[in-house]
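Down below is the structure, laid out as structure tokens.
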Amino acid sequence: ELNSKDMTCVLKELRDWGEALQFFAWMRNQPGYLPEVFHYNVLFKSLSRAREWNPIQWLMGEMQREGVKRDNVSFSTLISAASRCGQHESALSLFFEMQEEKGLTPDEVTYTAAIRALGKGGKADQALKIYEKMEKDGMRGDGVMYSTLIDLCGKAGKISEAERFFREMGERNVGKNEFVYNAMIDLYAKAGLREEASDILRGMEEEEKRGRGVKVGKITYSILMNLHVRHGEISEAVEIFKMMEKREEEERKTQEIAGSSPQIPIFMDSVAYNTLLFGLKRQKELSAAIALFRGMKEKNLSPS
RNA sequence: GUUGGAAGCCACGCC
């Protein structure tokens with residue numbers, strides 16, 4: 001008795017891709033079932049999470065057989081799926097196929113997926129060319145695209161290009177988000193440019209004070225802890241960790257006052273613990289490491 | 001239409 005939208009919903013809720021495909025098989029046997037692009041898109045996403053490239057290829061074939069046309073959602077999902085599955089050449093050919101054969105115009109999401117896939121495939125120069133072409137076609141990058149570009153440039157050692165994008169966001173009034181700040185801090189930290197990293201952090205703190213929706217959060221803190229750990233500055237890393245604990249405690253109290261009970265840590269996660277544990281290991285601070293590890297369980301965090 | 005894109009640690013694998 002399920003309608004098509006309900007089926008989309010069920011497919012999405014089935015976390016296990018095998019179960020999702022079984023349910024899909026059942027759906028297709030129902031009388032009057034009509035194939036829908038939504039169903040395929042949800043399945044693509046599920047298989048992408050599981051990094052299962054073979055069933056994705058099979059589904060693309062089924063889609064074609066059923067005459068279901070892929071849209072921008074399909075292609076952006078497929079491009080990032082191919083990338084996650086290590087199919088770099090497929091990611092790129094999907095991007096060209098959609099334009100040349102299907103006559104679709106990629107939207108900003110599809111462009112970002114393609115740019116990120118090229119970056120992950122070690123082709124930063126080609127990624128930047130695609131961005132330039134997009135600009136020539138009159139499309140503008142949004143905050144997500146800029147964070148992707150900046151991260152990609154940082155990982156490819158193109159610091160000045162990353163800086164150019166960071167400036168460009170200001171010039172074009174694209175709001176700077178947490179991802180962009182974190183990516184900038186991380187790339188400066190890894191390049192050993194600590195002064196520059198501090199400048200970005202200060203800018204981020206300013207934005208937080210102004211209430212622009214940017215928050216110095218656990219990822220920023222982990223990046224900074226990692227910076228200190230890499231320089232053998234374990235006490236500085238410990239200081240940051242303590243600050244995270246303090247902010248966690250404050251947050252927990254506010255939630256209690258507000259009457260909500262969830263005990264999900266906001267400023268703490270296993271990466272924060274891993275970073276500090278790694279630092280303590282480097283310094284051969286075994287007893288401190290053991291104490292920290294035991295503390296994880298009290299915080300409802302499970303070691304990975 | 002509850003369908004798509006971005007940032008941090010370690011380990012392993014590949015170059």
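Note that the coordinates shown come from a computational prediction; the quantities given were computed from them, not determined experimentally.
Between A:His39 atom NE2 and B:U3 atom C1' there is a gap of 10 Å when expressed in whole angstrom units. A:Glu13 places its CD atom 7 Å from the C1' atom of B:U2, with the value rounded to the nearest Å. Distance CG (A:Leu47) to P (B:U3): 17 Å, rounded to an integer number of Å. Summarising the geometry, the separation between CG on A:Leu11 and C1' on B:G1 is reported as 13 Å, rounded to the nearest angstrom. Per the geometry, NZ belonging to A:Lys12 stands 10 Å off P belonging to B:U2, to the nearest Å. Per the geometry, CZ belonging to A:Arg282 stands 11 Å off P belonging to B:A11, to the nearest Å.
Residues A:Phe38 and A:Ser4 have side chains not in contact (no heavy-atom distance under 4.5 Å, counting atoms from C-beta outward).
Side chain to side chain, A:Asp151 and A:Thr148 fail the donor-acceptor criterion of an N or O pair below 3.5 Å.
Note on A:Asp6: nothing from the nucleic acid sits closer than 4.0 angstrom, heavy atoms only. A:Lys45 comes within 4.0 angstrom of sugar-phosphate atoms only, judged by non-hydrogen atoms across all strands, and of no base.
Between A:Arg194 and A:Glu233 there is a salt bridge, since at least one side-chain N of the basic residue sits less than 4.0 Å from a carboxylate O of the acidic one. Remark: A:Glu171 does not engage A:Arg164 in a salt bridge, criterion side-chain N to carboxylate O under 4.0 Å.
A:Phe24 and A:Tyr40 have their aromatic ring centers within a separation under 6.0 angstrom. Here A:His39 and A:Tyr33 bring their ring centres to under 6.0 angstrom of each other. The aromatic ring centres of A:Phe179 and A:Tyr146 sit 6.0 Å or more apart.
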Distances under 3.5 Å between nitrogen or oxygen atoms of protein and nucleotides 6-9 of chain B:
from: B:A6; atom 1: O4'; to: A:Thr148; atom 2: OG1; distance (Å): 3.3
from: B:A6; atom 1: O2'; to: A:Ser147; atom 2: OG; distance (Å): 3.4
from: B:A6; atom 1: N3; to: A:Ser147; atom 2: OG; distance (Å): 2.6
from: B:A7; atom 1: N3; to: A:Asn182; atom 2: ND2; distance (Å): 2.8
from: B:G8; atom 1: OP1; to: A:Lys155; atom 2: NZ; distance (Å): 2.8
from: B:G8; atom 1: O3'; to: A:Lys190; atom 2: NZ; distance (Å): 3.3
from: B:G8; atom 1: N1; to: A:Asp269; atom 2: OD2; distance (Å): 2.8
from: B:G8; atom 1: N2; to: A:Ser222; atom 2: OG; distance (Å): 2.7
from: B:G8; atom 1: N2; to: A:Asp269; atom 2: OD1; distance (Å): 3.1
from: B:G8; atom 1: N2; to: A:Asp269; atom 2: OD2; distance (Å): 3.1
from: B:G8; atom 1: N3; to: A:Ser222; atom 2: OG; distance (Å): 3.4
from: B:C9; atom 1: OP1; to: A:Lys190; atom 2: NZ; distance (Å): 2.7
from: B:C9; atom 1: O4'; to: A:Thr275; atom 2: OG1; distance (Å): 3.2
from: B:C9; atom 1: O2; to: A:Asn274; atom 2: ND2; distance (Å): 2.8

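For residues 61-74 of chain A, proximity to RNA chain B is found at A:Asn72, A:Val73, defined as any non-hydrogen atom under 4.0 angstrom from a strand atom.
Between the side chain of A:Ser83 and the backbone N or O of A:Ile79 there is no donor-acceptor pair closer than 3.5 Å.
Within the structure, ring pair (Phe, Tyr, Trp, His ring centres under 6.0 Å) contacts touching residues 90-136 of chain A (residues at least two apart or in different chains) are A:Phe95-A:Tyr111, A:Tyr131-A:Phe165.
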